[in-house]
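Below is one structure, written out as structure tokens; the observations come after it.
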Protein chains: 2
Amino acid sequence: MTMREQRDLPTSSYVILGLLATCGPSTPYELKKLIDGSIGYFWDFPRAQLYVDPERLTQQGLLAEERETTGRRRRVYRITAQGEAEVRRWLDEAAVAEVEMRDTGLLKLYFGSLLNPADVVELARRERDLHQRRLATYEMIRAELEHEPAQAFAFATLRMGVAYERMSIAFWEDVAKAPPTTTLDAAGS
Amino acid sequence: MTMREQRDLPTSSYVILGLLATCGPSTPYELKKLIDGSIGYFWDFPRAQLYVDPERLTQQGLLAEERETTGRRRRVYRITAQGEAEVRRWLDEAAVAEVEMRDTGLLKLYFGSLLNPADVVELARRERDLHQRRLATYEMIRAELEHEPAQAFAFATLRMGVAYERMSIAFWEDVAKAPPTTTLDAAGS
DNA sequence: GGGTACATGTAATCAGTTACATGATTTA
DNA sequence: TAAATCATGTAACTGATTACATGTACCC
């Protein structure tokens with residue numbers, strides 16, 4: 001009988017474990033709300049996942065489920081000691097270079113040679129606007145978190161978000177101002 | 001009979017279409033090589049996808065497949081006129097706010113309250129190192145692309161990558177120097 | 001008590017990933 | 001020509017996403 005190598009859970013599951021560990025027992029719906037206002041900005045999960053994952057995690061003994069007996073009969077999940085151990089193990093684990101920007105705009109820019117210059121500028125402006133809107137959202141959340149000591153870690157990740165959006169805005173403004181071109185002679189006569 | 005809404009292809013398919021449009025006919029293996037040296041740094045796709053997707057795309061008339069009759073009998077794909085139209089349509093399409101950083105380190109930082117401060121510093125250092133290594137890789141590629149006018153768009157996306165890595169390094173150094181803490185009184189007596 | 005928004009759950013589908021299996025080319 | 005490496009394809013599985021179906025609470 002082969003010993004099956006211990007594999008990591010999907011990322012969505014760690015988010016669920018982490019939220020239940022830090023925010024206490026919650027329903028899938030509440031988890032979605034929490035994610036939408038925080039983590040979801042840089043790593044989103046579809047709602048259904050938050051119903052499917054906890055079931056699996058409960059079977060694995062990492063969560064405990066309690067179902068309301070009246071009204072909406074919702075499932076309230078809380079993390080078990082084993083679940084806390086697993087999320088701590090994951091947090092301590094040395095990272096294996098997992099960063100993916102997954103920026104559709106950047107992907108499109110990579111294929112910019114298929115567009116004419118005017119459309120590249122158009123793309124750059126759309127992207128700049130998109131990042132400006134997101135920056136505005138972040139600044140609002142930032143104002144709310146700024147003086148809540150309990151939210152120090154949320155605040156730190158948000159700072160990263162703000163820096164990223166500012167950088168993106170500057171980048172796309174650059175692109176709009178001086179769009180790359182694969183023809184040798186774009187500006188000169 | 002309901003008219004089915006025209007849905008976007010998965011992102012992997014647009015990458016395949018884009019690469020075939022810009023680099024000419026290729027095998028799945030060649031596509032993987034192309035991706036590994038460019039797009040893969042910010043949006044990676046597993047090798048198998050590059051065998052599965054083209055089959056679907058061929059059925060949809062967006063690609064044409066030609067199979068070698070000798071040797072490895074590999075499948076060489078080339079983009080059709082219809083395929084080119086589709087990738088251009090996608091490029092022109094107004095973006096719908098699709099950016100996800102998917103940074104595991106940032107996710108872990110969000111749950112930093114579950115760690116003790118020393119482990120937060122540890123995490124920050126690991127992340128800083130990771131981004132430093134990636135920056136070094138980018139700088140090397142940058143040197144290669146710098147004076148190749150045909151690669152102007154690849155160069156532009158790379159500039160973004162470099163900016164992002166520099167920002168990340170600064171961010172994680174900050175975190176390592178002054179790790180957030182949820183206890184009210186970390187430094188004072 | 002009827003309408004509306006909020007909330008919940010599940011089934012079906014599709015994409016993403018791992019694992020397996022094999023073949024071709026190169027080089028010693 | 002044997003061994004090593006490079007290359008290719010597919011099947012099985014797991015996770016992610018969409019679509020469907022329904023129920024509860026609230027407000028007027």
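Order of the sequence lines fixes the chain letters, A, B, ..., with proteins taken first and strands second; residue numbering starts at 1 for each chain. The analysis underlying the following values was restricted to heavy atoms, covering all of them including side chains, and did not include hydrogens, waters or symmetry mates.
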Legend entry - Whether A/Tyr164 and B/Tyr164 hold their rings parallel, tilted or perpendicular, with breakpoints at 30° and 60°: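 The rings of A/Tyr164 and B/Tyr164 stand perpendicular, inter-plane angle above 60°.
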
Legend entry - Rounded distance [0.5 Å steps], CG in A/Leu135 versus CD in A/Gln132: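 A/Leu135 CG to A/Gln132 CD: 7.5 Å, rounded to 0.5 Å.
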
Whole Å only: how far is the [atom1] atom of [X] from the [atom2] atom of [N]?
| X | N | atom1 | atom2 | answer |
| --- | --- | --- | --- | --- |
| A/Lys32 | D/dT17 | NZ | P | 10 Å |
| A/Arg75 | C/dT10 | CZ | C1' | 10 Å |
| A/Gln49 | C/dT8 | CD | P | 18 Å |
| B/Asp53 | C/dT17 | CG | C1' | 13 Å |
| A/Arg67 | D/dG23 | CZ | C1' | 12 Å |
| B/Asp36 | D/dC6 | CG | P | 14 Å |
| B/Tyr77 | D/dG9 | OH | C1' | 10 Å |
| A/Gln59 | D/dG15 | CD | P | 12 Å |

Inset, instruction - Using only heavy-atom distances, decide whether a donor-acceptor pair under 3.5 angstrom links the side-chain of A/Arg47 to the base of C/dG9. - result: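 Side chain to base: pair present.
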
Does [X] have a side-chain nitrogen or oxygen under 4.0 Å from the phosphate oxygens OP1 or OP2 of [N]?
| X | N | answer |
| --- | --- | --- |
| A/Thr27 | C/dA7 | no |
| B/Arg74 | D/dG9 | no |
| A/Lys33 | C/dA7 | yes |

Legend entry - B/Asp44 and B/Lys32 ion-paired at < 4.0 Å: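 Counted as a salt bridge, because a side-chain N and a carboxylate O are separated by less than 4.0 Å.
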
Legend entry - Nearest listed nucleotide, side chain of B/Tyr51, among C/dA15, D/dG15, D/dT10: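 Out of C/dA15, D/dG15, D/dT10, the nucleotide with an atom closest to B/Tyr51's side chain is D/dT10.
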
Inset, instruction - Looking only at side-chain atoms of B/Pro28, point me to the closest of C/dG9, D/dG15, D/dG9. - result: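 Of the candidates, D/dG9 comes closest.
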
Legend entry - Between B/Tyr41 and B/Tyr138, ring centroids under 6.0 Å: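 Close enough - the centres of the two rings lie under 6.0 Å apart.
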
Legend entry - Candidate list B/Arg166, B/Arg133, B/Arg159, B/Arg134, test salt bridge (charged side-chain N to carboxylate O under 4.0 Å, His left out), partner B/Glu139, passing option: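 Only one of B/Arg166, B/Arg133, B/Arg159, B/Arg134 forms a salt bridge (charged side-chain N to carboxylate O under 4.0 Å, His left out) with B/Glu139, namely B/Arg166.
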
Inset, instruction - Nearest-nucleotide wise, let me know which of B/Ala48 and B/Tyr29 is further upstream toward the 5' end of DNA chain D. - result: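 The residue mapped nearer the 5' terminus is B/Tyr29.
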
